[in-house]
Visitor: 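Here's a structure for you.
Everything numeric in this text was worked out from a predicted model, so none of it was measured. We count ligands from 1, going down the list as the structure has it; atoms in each ligand are counted the same way. Computed over heavy atoms, backbone and side chain alike; hydrogens, waters and symmetry mates excluded. Along the sequence shown, the residues carry numbers beginning at 1.
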Amino acid sequence: MSLETSISDKSFTNCLMNASGAKCMTLEELTNLKNAPCGTWITKSCTINPREGNPSPRYVDLALGSINSMGLPNLGFDFYLNYVLEEHLDGNDDLFFSVAGLTLEENVEMLHKIQNSDFSGCVELNLSCPNIPGKPQTGYDFERTHEVLTQVFSFYKKPLGVKLPPYFDMVHFEMMAEILNQFPIKFVTCINSIGNALFIDDEAVVIKPKGGFGGIGGAYVKPTALANVRMFYKLLRKDIAIIGCGGVENGRDVFEHILCGASMVQVGTQLMKDDISVFSRLLNELEEIMKLKNYHSINDFKGKLIEL
Ligand code: DHB
């Protein structure tokens with residue numbers, strides 16, 4: 001049995017990776033991911049300058065998921081560029097580099113530097129961070145998304161995909177897919193957290209930033225995540241891979257993301273709840289399901305959700 005999968009021209013030994021933001025900010029965390037049995041891994045979304053992020057508490061584990069308003073704490077672009085270049089020297093170019101500039105100019109500046117570097121892995125351009133006060137989520141502004149991609153692809157030639165926010169309206173799926181299909185995008189990652197949700201404990205909010213509003217992940221978001229994976233799998237060009245993200249707690253959830261069309265599946269909230277051992281458990285559980293169903297590879301069931 002093989003869990004091998006591919007994105008762009010890269011193949012990976014299995015379909016699991018972390019979701020950006022989950023245990024991937026520091027060198028120690030990135031080294032743990034590198035040594036874990038996931039197919040690949042991704043760095044914390046970065047900005048040009050290092051950031052402290054929002055005031056704490058800013059991440060809370062909930063019974064059915066998590067809420068976060070981290071505010072893009074990260075060690076700054078140079079740290080992550082140096083990190084991926086070290087990996088390149090080590091013979092590994094198949095990790096993902098997440099970029100989340102606060103402005104279009106900042107994204108362009110970082111992508112120019114990546115373009116001019118030896119890094120040849122995939123960049124996940126984050127168009128969907130919900131946690132920066134005063135900054136809208138680019139992915140909800142269709143015109144702006146078109147403008148960002150036009151500028152980016154005017155010079156960027158390496159494999160690049162976008163991390164999208166969840167959509168909830170059929171017309172929005174179609175509008176976004178129509179935009180993405182115009183560009184040489186290699187993958188889309190859906191979904192980011194369901195932004196600006198509110199969780200209450202007794203009579204109070206549970207996180208400090210933005211009056212308690214934050215991005216929700218985990219089991220709460222799985223049906224929305226699957227719907228986004230499914231719709232983009234159907235609407236995007238066949239050469240654009242889907243990376244599923246949202247609500248993966250067990251092997252069955254990984255299986256469902258792939259059934260909907262995902263080539264790769266990210267783990268966020270559950271990686272925060274468990275530890276790095278989550279990957280071997282998920283792989284074992286996925287293999288058990290595949291064995292029962294007599295599937296030998298991801299391609300045997302990818303996208304093959306039965307519709308009635
Ligand atoms: C953060 C949260 C996100 O959902 C994201 O995509 C990027 C950054 C954060 O708050 O740090």
Visitor: Could you check Asn250, Leu16, Val254, Val265 and say which one makes a side chain to side chain contact (heavy atoms under 4.5 Å, CB included) with Leu286?
Guide: Val254
Visitor: Pairs in or reaching into residues 106-122: which pass side-chain hydrogen bond (donor to acceptor under 3.5 Å, both in side chains), with residues at least two apart or in two chains?
Guide: Asp93-Ser120
Visitor: Below 4.0 Å from any atom of ligand 1, which residues have a heavy atom? Give them in chain and number order, please.
Guide: Lys44, Asn68, Met70, Gly71, Leu72, Pro73, Asn126, Cys129, Pro130, Asn131, Asn192, Ser193
Visitor: Is the backbone N or O of Leu27 less than 3.5 Å from a side-chain atom of Thr31, with the two atoms forming a donor-acceptor pair by type?
Guide: yes
Visitor: If you look only at pairs with a residue in residues 236-288, which of them pass as a ring-ring contact (aromatic ring centres under 6.0 Å, His included), with sequence neighbours excluded?
Guide: Phe255-Phe301
Visitor: Just wondering, are more than 12 heavy atoms of other shown residues or ligands nearer than 6.0 Å to NZ in Lys34?
Guide: yes
Visitor: Table please: side-chain donor-acceptor pairs of residues 191-202 below 3.5 Å, with sequence neighbours left out.
Guide:
from, atom 1, to, atom 2, distance (Å)
Asn192, ND2, Ser128, O, 3.2
Asn192, ND2, Ser128, OG, 2.9
Asn196, OD1, Lys210, NZ, 2.8

